[in-house]
Student: 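Sharing a structure below in structure tokens format, with a few things to ask.
Keep in mind that this is a model prediction, so the values were computed, not measured.
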Amino acid sequence: MPDVGVPLPPGNASAHPGLRHLPAAGARGRQRPAVAAAPALLFLHGAGCGGWVWEEGFAAHLAKAGFSGWVLDMARETHHRPSGLTDYVVQARAALARLQGPVVLVGHSLGALVAQRLLMEPAVRGAALLTPVPPEGLWFSSARLALTDPVLWAEAARMDAPVGSAPPELATTLFSAAMPQPRAHALVARMGGESRAALLEAQLPQPVPYGWLHGRRVLVLGAGEDRLIPADAVRRCALWHGTEAEFLPEMGHLMMLEPGWAGLAARLEGWLRRLG
């Protein structure tokens, strides 16, 4: 069943972990009114990352365009145990409750899977899913990757290793050939520390409502050079929500950090303005 009615946790630190606001602002930093009737954006990061992936320019671009944003750092530990996907959903739902208004979810990879589990929430107007983990989970894609490229599969499976321990070679997995190597290595050094419980759960089918049931507008964007989430998985995710996937060329898995991230932000901005 979709995640409806799961109670909010009591008011503790794990309920509102690292929620940061990026208000709509003018190009010179002056406050200006948000786009008329525009929902707030709630950014949900992927596995082994943090909210910082949105704060390298992507979220600020949308804030300057008039869309107020909130960046959530999901806590990898809940009640002294590794967080599972349901814990991430509860954390994101708590963030929705704090925003007190209509929201569009912007999720990447594992964060896109969390976003899909929230599509029945009354406050959610829609979702933008970037290189999303599909509702079926990663079991099929992971099995295929293990058979066709066991070295890459082993690298991807180490997202639970401590932050800073990822091998530099992981950069070629996460980024396109257009990404400068020094920049890619610096970003990979900030990654890791993912909950192993969440990674394991993401392999399995998830309680994601079909598009005909949730009725929300969903934008599904894949990366042309993504080595982790294959194109067929992105297309199945879009089909689940009653839409078609789009693919941005010359982009790797971490789309919002690629040299061409501004084009991705512009595509999302255009969709948001037409959301109505």
Student: For Ala115, check side chain to side chain contact (heavy atoms under 4.5 Å, CB included) against everything at least two apart and list the hits.
Tutor: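 Counting only residues at least two positions away or on another chain, Ala115 forms a side chain to side chain contact (heavy atoms under 4.5 Å, CB included) with Leu44, Leu105, Leu129.
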Student: Find out if a path of hydrophobic residues (ILVMFWY) with successive side-chain heavy-atom gaps under 4.5 Å connects Leu147 to Leu228.
Tutor: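 Different clusters: Leu147 never reaches Leu228 through Ile, Leu, Val, Met, Phe, Trp or Tyr contacts under 4.5 Å.
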Student: Would you check if there is a donor-acceptor pair between the side chains of Thr86 and Arg117 at a distance under 3.5 Å?
Tutor: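 Looking only at side-chain atoms, Thr86 and Arg117 do form a donor-acceptor pair, the distance falling under 3.5 Å.
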Student: Looking at side-chain heavy atoms only, is the closest gap between His108 and Leu254 below 4.5 Å?
Tutor: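 Contact flag for His108/Leu254 side chains = yes.
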Student: Can you name the residues that form a ring pair (Phe, Tyr, Trp, His ring centres under 6.0 Å) with Phe43, not counting sequence neighbours?
Tutor: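 Partners of Phe43 by the ring pair (Phe, Tyr, Trp, His ring centres under 6.0 Å) criterion, ordered by chain and then number, come out as Trp54.
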Student: Is there a path of hydrophobic side-chain contacts, each under 4.5 Å between heavy atoms, that joins Val218 and Tyr210?
Tutor: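 Same hydrophobic cluster.
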Student: With sequence neighbours excluded, what pairs up with Arg267 under the side chain to side chain contact (heavy atoms under 4.5 Å, CB included) test?
Tutor: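 With neighbours one apart ignored, the set is Leu219, Leu221, Glu246, Trp271, Arg274.
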Student: Does Trp261 have any side chain to side chain contact (heavy atoms under 4.5 Å, CB included) partners at least two apart in sequence or in another chain, and if so, which?
Tutor: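 Side chain to side chain contact (heavy atoms under 4.5 Å, CB included) check on Trp261 returns Phe58, His61, Ala265.
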Student: Around Glu136, counting heavy atoms of other residues, nucleotides and ligands shown, do more than 12 lie under 6.0 Å from its CD?
Tutor: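 Yes - once you tally the heavy atoms of other residues, nucleotides and ligands closer than 6.0 Å, there are more than 12.
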Student: If only side-chain N and O atoms count, and only distance matters, is there a donor-acceptor pair under 3.5 Å linking Thr131 with Ser109?
Tutor: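 The answer is no; no qualifying pair exists.
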Student: Transitively linked via ILVMFWY side-chain contacts under 4.5 Å: Leu239 with Leu119?
Tutor: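 No.
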Student: Suppose we screen for ring pair (Phe, Tyr, Trp, His ring centres under 6.0 Å). Which residues come up paired with His214, at least two apart in sequence or across chains?
Tutor: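 His214: ring pair (Phe, Tyr, Trp, His ring centres under 6.0 Å) contacts with His241.
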Student: Hey, any chance Ile229 and Phe140 share a hydrophobic cluster, counting ILVMFWY side chains that come within less than 4.5 Å of each other, even indirectly?
Tutor: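 No; Phe140 is not reachable from Ile229 via cluster members.
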Student: Under a 3.5 Å threshold, yes or no: a donor from one side chain and an acceptor from the other, between Glu77 and Ser83?
Tutor: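 No donor-acceptor contact under 3.5 Å links the two side chains.
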Student: For Glu169, which residues count as a side-chain hydrogen bond (donor to acceptor under 3.5 Å, both in side chains) partner, sequence neighbours excluded?
Tutor: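 With sequence neighbours excluded, Glu169 shows a side-chain hydrogen bond (donor to acceptor under 3.5 Å, both in side chains) to no residue whatsoever.
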Student: Do Val89 and Leu213 share a hydrophobic cluster (ILVMFWY, side-chain heavy atoms under 4.5 Å, transitive)?
Tutor: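 Same cluster: Val89 reaches Leu213 through Ile, Leu, Val, Met, Phe, Trp or Tyr contacts under 4.5 Å.
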Student: If the threshold is 4.0 Å, N to carboxylate O, is there a salt bridge linking Arg190 and Glu56?
Tutor: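 Yes.
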